[in-house]
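Data block below; observations after.
Given the structure is predicted, the values throughout are model-derived calculations rather than measurements.
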Amino acid sequence: MFVPTTFFAALLMTVLSTICWGSFANTFKGTRNYRFELYYWDYGLGIFLISLLLAFTMGSHAGGPRAFLANVHTADNINLFYAAIGGFIFNIANVLLVAGIEIVGLAVAFPISIGIALVEGVVLSYSIQPRGNPILLGAGVFMAVVAVILVGKAYGA
């Protein structure tokens, strides 16, 4: 695995990752007459293939126990399965979000989807490991639900 050994290398990788972070929106703006959802599928496939390329090049740099394939071989099969399923579900959710953005716009789709995700996350986290003040958590979840409903009503009006 490639690990930066100097501050300059770490800074360069940070700047490069920041540039790549905005690449979806910037490259989409360069396309004409191409549906947003279809572009997402192509972009996602491209990111997956580039990730594989980097895993087998920079991720295997200098070999040893920290190389990509060595790490994959030490992982349990069930954990690899969970990672693949999680990635698949995450991408389906992103495609649905992108479709929602195309239909109603970013100002409506994003708050509704993030609000629902926040509520789900808090409820699931608390049911798995109940920590924190349930009254404050419940009040925050209630306000998030109200906000999601109000955004939906505002769009309807």
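Ile114 and Ile92 end up in the same hydrophobic cluster when Ile, Leu, Val, Met, Phe, Trp and Tyr side chains are linked at under 4.5 Å. If you chain together hydrophobic residues whose side chains sit under 4.5 Å apart, Val145 and Val122 fall into the same group. Both Leu96 and Trp41 belong to a common hydrophobic cluster when Ile, Leu, Val, Met, Phe, Trp and Tyr are linked at side-chain heavy-atom distances under 4.5 angstrom. Residues Leu69 and Phe48 share a hydrophobic cluster, clusters being chains of Ile/Leu/Val/Met/Phe/Trp/Tyr side chains in contact below 4.5 Å. When the side chains of ILVMFWY residues are joined at heavy-atom separations under 4.5 Å, either directly or via intervening members, Phe110 and Leu118 end up in two distinct hydrophobic clusters.
Taking each heavy atom of Ser60 and Ala67 in turn, the nearest pair found is CA-CB, 4.1 Å. In terms of heavy-atom proximity, Ala10 sits nearest to Pro4 at N-CB, 3.7 Å.
With rounding to the nearest 0.5 angstrom, the NE2 atom of His73 is 9.0 Å from the CZ atom of Phe68. To the nearest 0.5 angstrom, Thr57 atom OG1 is 10.5 Å from Leu52 atom CG. Residue Asn91 holds its CG atom at 12.0 Å from CG of Leu97, rounded to the nearest 0.5 Å. Between the OG1 atom of Thr14 and the CZ atom of Phe7 there is a distance of 8.0 Å, given to the nearest 0.5 Å.
Cluster partners of Leu124: none. The rule joins Ile, Leu, Val, Met, Phe, Trp and Tyr whenever side-chain heavy atoms lie under 4.5 Å apart, and it links nothing here. Taking Ile, Leu, Val, Met, Phe, Trp and Tyr as members and joining any whose side-chain heavy atoms lie under 4.5 Å apart, directly or through other members, the hydrophobic cluster of Val148 also contains Ile103, Val104, Val108, Ile112, Ile116, Val151, Tyr155.
Taking 4.5 Å as the limit, every side-chain heavy atom of Leu12 sits out of range of all side-chain heavy atoms of Leu16. Looking at heavy atoms from C-beta onward, Thr31 lies out of side-chain contact with Thr27 at the 4.5 angstrom threshold.
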Return all side-chain donor-acceptor pairs below 3.5 angstrom for residues 129-142, not counting sequence neighbours, or 'none' if the list is empty.
{"residue": "Asn133", "atom": "OD1", "partner": "Ile135", "partner atom": "N", "Å": "2.9"}

For residues 76-90, tabulate all N or O donor-acceptor pairs below 3.5 Å that involve a side-chain atom, not counting sequence neighbours.
none

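Applying the ring pair (Phe, Tyr, Trp, His ring centres under 6.0 Å) rule to Phe28 yields the partners Phe36, Tyr39; only residues at least two apart in sequence or on another chain are considered.
Judged as a side chain to side chain donor-acceptor pair (under 3.5 Å), not a single pair has a partner in residues 113-126 (not counting sequence neighbours).
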